[in-house]
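Below is one structure, written out as structure tokens; the observations come after it.
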Amino acid sequence: MEERRCPDCGVTMERVSVRDGEGMKPSIATGKRDGLLGKIGLQNTTKLQGVCCPECGLVRLYADVE
């Protein structure tokens, strides 16, 4: 993942682990799958990476689009 800078402070944001209440890493749906899995409603997903500003505490999530 590329280095991210805080839009408020201008400092380098640090990678952080983000999990939901069940201990799972968050992900987002990126579109319907082809074939049998798509026919039953399953979608492709991608993981999210969290970054946090050490100065102001701003947290952002970025999708792994590569």
Side-chain angles (χ1 to χ4, degrees):
M1 175 179 212
E2 69 183 70
E3 183 178 281
R4 305 281 183 175
R5 300 196 64 80
C6 178
D8 296 334
C9 302
V11 300
T12 300
M13 297 180 84
E14 300 173 352
R15 291 179 78 160
V16 293
S17 178
V18 179
R19 299 188 186 276
D20 67 10
E22 304 292 320
M24 303 294 291
K25 290 186 175 183
S27 63
I28 58 171
T30 58
K32 191 171 181 178
R33 289 186 179 187
D34 294 328
L36 179 63
L37 295 177
K39 288 180 182 178
I40 62 172
L42 294 179
Q43 295 187 351
N44 287 324
T45 61
T46 189
K47 293 179 182 178
L48 297 176
Q49 174 62 49
V51 291
C52 179
C53 175
E55 295 291 321
C56 70
L58 174 71
V59 175
R60 287 194 166 189
L61 297 175
Y62 289 92
D64 182 13
V65 293
E66 297 175 0

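Along the sequence shown, residues carry numbers from 1.
Note that CD of Glu3 and CD of Glu14 are 11.0 Å apart. Values are rounded to the nearest 0.5 Å. Interatomic distance, CE of Met13 versus CZ of Arg60, reported as 6.5 Å (0.5 Å rounding).
Contact annotation: the side chain of Val18 never approaches that of Leu48 to less than 4.5 Å [non-hydrogen atoms, C-beta and beyond]. No side-chain heavy atom of Leu58 sits under 4.5 Å from any side-chain heavy atom of Cys9.
No single ILVMFWY cluster, assembled from side-chain heavy atoms under 4.5 Å apart, contains both Val11 and Val51.
Across all non-hydrogen atoms, the minimal contact from Gln49 to Val16 is NE2-O, 3.4 Å. Cys56 approaches Cys53 most closely through the heavy-atom pair N-SG, 3.4 Å. Taking every heavy atom of both residues into account, Val59 and Cys52 meet most closely at CG2-SG, 4.0 Å.
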